[in-house]
Amino acid sequence: MRLFTSIAALRCYLNLQKSAAPDVEVGLVPTMGALHAGHLSLIRRARQENAIAVVSIFVNPLQFGPTEDFQDYPRNLEQDRLLCERAGVDVIFAPAAGEMFGQAIDAGSQLAVAPIQAASLTQVVPPPTMTAVLCGKSRPGHFQGVATIVLKLLNIVQPTRAYFGQKDAQQLAIIRKLVADFNWPVGIVPCSIVREDSGLAMSSRNQYLTAEQKQQASVLYRALQQAEQAFKSGDRAAATALATVKAAAAQVPEVQIEYAELVDPDTLTRLETVETAGLLAVAARVGPARLIDNIILKNRRPIVAIDGPAGAGKSTVTRQAARALGLSYLDTGAMYRALTWRALATNTPISDAPAIAELVNSSYLEYNLDPASFMMKINGEDVTEAIRSLAVTARVSEIAAHLAVRQFMVKQQQQCGKLGGIVAEGRDIGTNVFPDAELKIFLTASVRERARRRQLELKDTGRGDIGLAQLEQDIALRDEKDSTRKIAPLRKADDAVEISTDGLSISEVIDRIIALYKERIGAPSASPIAGN
Ligand code: PAF
């Protein structure tokens, strides 16, 4: 592991890595140090998803108000260094304030930014509608300081992905907006809140609390959970959620609620009632600390994500499982196939990434989510059958590996899942498209079994008689391509249930999925679709 304090050294290191492997992926975890289990979960994810994992440690003076805890904020570089080393981090970037702001201030000291220096810096001003609510009300200038430092870190590191905790939900929404508005080519990866056994959300500021105060503070999560319970039982009004949180927290007088609010998780505008999703956020004072916590209230039907390699029987199983569960059916593979069909039909070279990006821009898909009558059109043309041809099958992986294609499709797929109530199948549904799916299944089968099934299918549909050895080779190659590609590789989500379909009939696989659904989610609701 390397530790750099200068921007020049960090850039030099990254440039060397990039000249050795131009498409090397870099994951950045921006932190203010005092690393805890919450940070470590971000770091683990960055380690898993990128060739190079960078952790920045910088207590950013711009995001502290004049009466806040900048001077006292916990700093322990030596311990952070050890934790990063153990977590397999490649680089720590720990600049001093002078290095970050290019100002001749007390070199080496992070304690030395006077307001006058902040005033002479160019800063990022996020939309006031996003900063005038929640924590922004009592922390004027805080999110401007966060946005400024995050933009600087993105410029310095130029990561492929940057990782942020969901605990700072307002920060996350503002950073997503910043990146979108400035067209920054980075993936912002939100990571779930990590909690202590008591439910208290992990925070560097928990260090300010005694054991007793920590126990008292854990009421915040219980209060959020009670509000979630009321929400789940059908009351979607903000007034109920807020009253529930306040009443529950009032049980512990040492916990002084600063605010409880229900807002749209993306725009942060206040909600009267939750249509699709609401961010229920609280801030409270406990002893010397100001703590925040939140929960997302989702008003949507469940999502079942089914991922797995080509030929594992996903399409048939997913469609039938959707019918049996009374859910809609999203065949994401068919979306990529439709685009492949259009690339072939328009003679667009599939390896020409800019040409494919242009093609995406002029493509529109129409599809039917009814599992009983699947239909796929691209630019008005019905390609439901044509997308199953060997020519399309041979090139679809290549198309799906283009970043522009992926971004376009993922957006469409997430739109389809906004209200839930779908079974979606693909390669990155549980890991990337719907990481919060209620049930994730990884459906697989041995290469031999998949080749055998493919051979039968080709024969039965009169589309050719190909030898088993050839099919096995093709399938193994496709697996290799899908799981090693840079963009959205095929990977089993950590919380997915694996089902190997070798030796199982289709109805046995579907029975297993239905049993898992009942166990994890409950009885399937009456079907609005089945029987059509
Ligand atoms: O969440 C934090 O630790 C900080 O706000 C961040 C994103 C590192 C910016 O200083």
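Counting convention: from 1, in listed order, for ligands and their atoms alike. Quick caveat, the model's predicted, so the values are computed rather than measured.
- Applying the side-chain hydrogen bond (donor to acceptor under 3.5 Å, both in side chains) rule to T160 yields no partners; only residues at least two apart in sequence or on another chain are considered.
- Between the side chain of K440 and the backbone N or O of P435 there is at least one donor-acceptor pair closer than 3.5 Å.
- Among residues at least two apart or in separate chains, side chain to side chain donor-acceptor pair (under 3.5 Å) pairs with a member in residues 20-31 are E25-R161.
- For D264, the side-chain hydrogen bond (donor to acceptor under 3.5 Å, both in side chains) criterion is met by T267, not counting sequence neighbours.
- If you look at ligand 1, the protein residues with a non-hydrogen atom under 4.0 Å away are P30, T31, M32, N60, Q63, I149, F164, D168, Q171.
- Ring-plane geometry between Y13 and F4 is classed as tilted, the angle between the planes lying from 30 to 60 degrees on a 0 to 90 degree scale.
- Geometrically, R75 engages F70 in a cation-pi contact defined by less than 6.0 Å to the ring centre and at most 45° from the axis.
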